[in-house]
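What follows is a short report on a single structure.
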Amino acid sequence: MGADQESSKSPGEFPADLEPVLLRLARVDELIFTIGQLCAQWSLQGPLEIEQRRDGDQFTAVLTGIRPVPPSVWLHFSEAINHLRAAIDNTVWYLVDQAQGPVDGPAAARVNMPIHSDAKPYKKWCDARRKDGLHALLPDSEVGRRIRQLQPFVDTESAVPSKGAFIASMQGDEVENAHPLVLLQGYSNADKHRAIRVAVTRSASTRFDQPLHGQDLAFKEFQVGQVLASGTWGEIVPIETNTAVMVQRPDPYTAVVPPATELGFLHKYVSQVVVPVLTFGVELPGVVPPQADLTDNGMTDAERLRAGGHEPAKDRLAQETLRMFGEAMGKGWKVPPISGDDAEAEGPRHA
């Protein structure tokens with residue numbers, strides 16, 4: 001099929017050869033949901049170990065341990081990033097093959113999706129493709145025009161926020177906006193060439209006997225031995241801790257973000273913007289089903305996609321997280337064990 005024939009397809013009618021790309025995206029949606037469940041369950045178990053230490057008529061509540069994050073979280077994150085990046089390159093490969101025929105030899109390694117925040121390196125990229133005869137990737141071709149349209153130096157509006165504006169204002173923090181393609185490329189490059197993106201923990205602690213205004217509500221890295229509260233022995237000091245699984249964004253960004261939320265933004269951008277724009281020249285919100293049954297069910301790829309669900313992982317996770325939150329609130333207060341002067345005689349007197 002030639003480029004003109006390809007562009008004549010109705011938006012939303014993805015070619016059969018691109019169905020595996022859409023199934024890659026469905027796999028990412030599965031991974032997002034799994035990651036969200038794992039993180040919520042880990043947090044629900046109360047990953048912080050706290051001990052009360054008495055010293056005369058004073059006490060401190062000290063952090064004595066942090067439950068490790070299960071490796072499956074960051075391994076799933078790595079898989080999702082790989083699928084998202086590969087889905088884009090798979091689409092570009094298909095379109096080049098349709099536009100100018102099969103590409104082999106050294107030139108085949110140069111068929112990919114460039115991601116540039118500046119016009120100069122993009123021009124250098126185009127010059128290298130011109131020398132290899134990859135004319136379908138140049139901006140004077142239809143596919144090349146669409147590729148250029150998606151470049152971060154052209155699309156300066158798309159952004160993935162590190163957190164919501166309201167939460168940021170409560171925590172006295174700023175929202176870090178990252179271009180989704182630059183962000184995806186950073187995660188992919190670091191994962192392939194440097195070190196896998198290992199999950200980290202961030203926690204917040206508040207005291208109920210003091211007004212929230214003036215307390216530090218930001219999520220920070222807690223260390224074993226850190227004092228979370230102190231007071232006079234015999235006076236109850238209720239504290240609440242909230243611990244979450246995060247990932248560190250790659251350079252040039254610095255924020256730490258929830259992995260499922262971050263992947264949700266990237267999945268939405270790739271499935272609703274990048275792949276449709278490359279294929280049809282337009283964005284197609286809601287056309288690619290985020291859910292598809294990937295099991296041994298006897299369906300063809302096309303049948304799986306037609307039967308797919310349109311509720312993204314983030315919406316399914318919201319229901320699950322609300323249920324877990326209710327479960328956490330139903331557990332009530334926990335009194336940390338006591339060490340120090342006369343600990344056994346005094347018993348658990350503080351929350």
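With a 4.5 Å cut-off on side-chain heavy atoms, H83 and L25 do not count as touching. Y253 places none of its side-chain heavy atoms less than 4.5 Å from the side chain of Q248. Under the 4.5 Å side-chain criterion, counting only non-hydrogen atoms from C-beta, P114 is in contact with Q151. With contacts defined as side-chain heavy-atom distances shorter than 4.5 Å, the pair P289/H310 qualifies. For the pair F77/L263, a side-chain contact is recorded, criterion being any heavy-atom separation below 4.5 Å from C-beta on. Looking at T91 and R24, their side chains never come closer than 4.5 Å, going by heavy atoms from C-beta outward. Looking only at side-chain heavy atoms (C-beta outward), V270 and V28 stay at 4.5 Å or farther from each other. Under the 4.5 Å side-chain criterion, counting only non-hydrogen atoms from C-beta, D97 is not in contact with V103.
The distance from atom CD1 of I50 to atom NZ of K334, rounded to the nearest 0.5 Å, is 8.0 Å. Here CD of Q52 is found 5.5 Å from CH2 of W233. Values are rounded to the nearest 0.5 Å. Atom NZ of K314 is separated from atom CD of Q319 by 11.0 Å, given to the nearest 0.5 angstrom. A distance of 4.0 Å separates CG in N242 from CZ in F219, rounded to the nearest 0.5 Å. Taken to the nearest 0.5 Å, the NZ atom of K123 stands 12.5 Å off from the NE2 atom of H116. Separation of atoms OG1 (T64) and CZ (R53) is listed at 7.0 Å; rounding is to 0.5 Å.
Both L95 and F14 are part of a single hydrophobic cluster, where members link through side-chain heavy atoms under 4.5 Å apart. Side-chain heavy atoms closer than 4.5 Å link hydrophobic residues (I, L, V, M, F, W, Y) into clusters, and following such links, even through other members, never connects I88 to L31. In terms of hydrophobic clustering, with Ile, Leu, Val, Met, Phe, Trp and Tyr side chains grouped at heavy-atom distances under 4.5 Å, V154 and L150 are assigned to a common cluster. Using a 4.5 Å cut-off between side-chain heavy atoms of Ile, Leu, Val, Met, Phe, Trp and Tyr, with links allowed through other members, L278 and L138 fall into different hydrophobic clusters. In the hydrophobic cluster analysis, where Ile, Leu, Val, Met, Phe, Trp and Tyr join through side-chain heavy atoms closer than 4.5 angstrom, V288 is grouped apart from M299.
The two atoms that bring E79 and R27 nearest to each other are OE2-NE, 2.9 Å, heavy atoms only. Annotation for P139 and R148: closest pair CB-CD, 4.1 Å, computed over non-hydrogen atoms. Pairing each heavy atom of L317 with each of A260, the nearest pair is CD1-CB, 4.2 Å. Across G186 and P250, no two heavy atoms sit closer than the pair C-CG, 3.5 Å. Across all their heavy atoms, P252 and V182 have their closest contact at CD-CG1, 4.4 Å. Of all heavy-atom pairs between A159 and P161, the closest is O-CD, 3.8 Å.
Relative ring orientation between Y122 and F153 is described as tilted, the plane-to-plane angle lying within the 30° to 60° band.
Counting only distance, with no hydrogens or angles, the side chain of Q226 and the backbone of Q223 share a donor-acceptor pair below 3.5 Å. Remark: the backbone N or O of V257 is not paired with any side-chain donor or acceptor of E262 at under 3.5 angstrom. Without hydrogens or angle criteria, H179 side chain to D155 main chain gives a donor-acceptor distance under 3.5 Å. Checking side-chain atoms of S188 against main-chain N and O of L184 turns up no donor-acceptor pair under 3.5 Å. The backbone N or O of T243 lies less than 3.5 Å from no partner atom in the side chain of S203, so there is not a single donor-acceptor pair. A donor-acceptor distance shorter than 3.5 angstrom exists from the side chain of W42 to the backbone of P68, with no hydrogens or angles considered. Of the possible donor and acceptor atoms, none in the side chain of R67 sits under 3.5 Å from a partner among the backbone N and O of P47. Between the E320 side chain and the Q37 main chain, no donor and acceptor come within less than 3.5 Å of each other. A donor-acceptor pair under 3.5 Å is absent between the side-chain atoms of D191 and the main chain of Y187, judged by distance alone.
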Please determine whether salt bridge (charged side-chain N to carboxylate O under 4.0 Å, His left out) holds for the pair D29 and R316, giving the CA-CA distance in whole Å, both sets of side-chain angles, and the decisive distance to 0.1 Å. CA-CA 10 Å; D29 184 81; R316 307 196 308 276; 3.0 Å; yes

Does the pair V160 and Y269 meet the rule for a side-chain contact (heavy atoms from CB on, under 4.5 Å), with working shown? CA-CA 9 Å; V160 176; Y269 185 76; over 6 Å; no

Just do the side-chain contact (heavy atoms from CB on, under 4.5 Å) check on V92 and N112 with the steps written out, would you? CA-CA 6 Å; V92 171; N112 55 28; 5.9 Å; no

Between Y94 and T279, does a side-chain contact (heavy atoms from CB on, under 4.5 Å) hold up when you go through it step by step? CA-CA 9 Å; Y94 167 78; T279 308; 5.8 Å; no

Before giving the answer on side-chain contact (heavy atoms from CB on, under 4.5 Å), spell out for T254 and R249 the whole-Å C-alpha distance, their side-chain angles and the decisive distance to 0.1 Å. CA-CA 6 Å; T254 60; R249 279 183 167 178; over 6 Å; no

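A salt bridge is absent between R304 and E19: the closest approach of a Lys/Arg side-chain nitrogen to an acidic carboxylate oxygen does not fall below 4.0 angstrom. In this structure, R129 does not pair ionically with D132, as no charged nitrogen and carboxylate oxygen lie closer than 4.0 Å.
For NZ of K163, the number of neighbouring non-hydrogen atoms (other residues, nucleotides, ligands) closer than 6.0 Å is greater than 12. At most 12 non-hydrogen atoms from other residues, nucleotides or ligands lie less than 6.0 angstrom from CD of E174.
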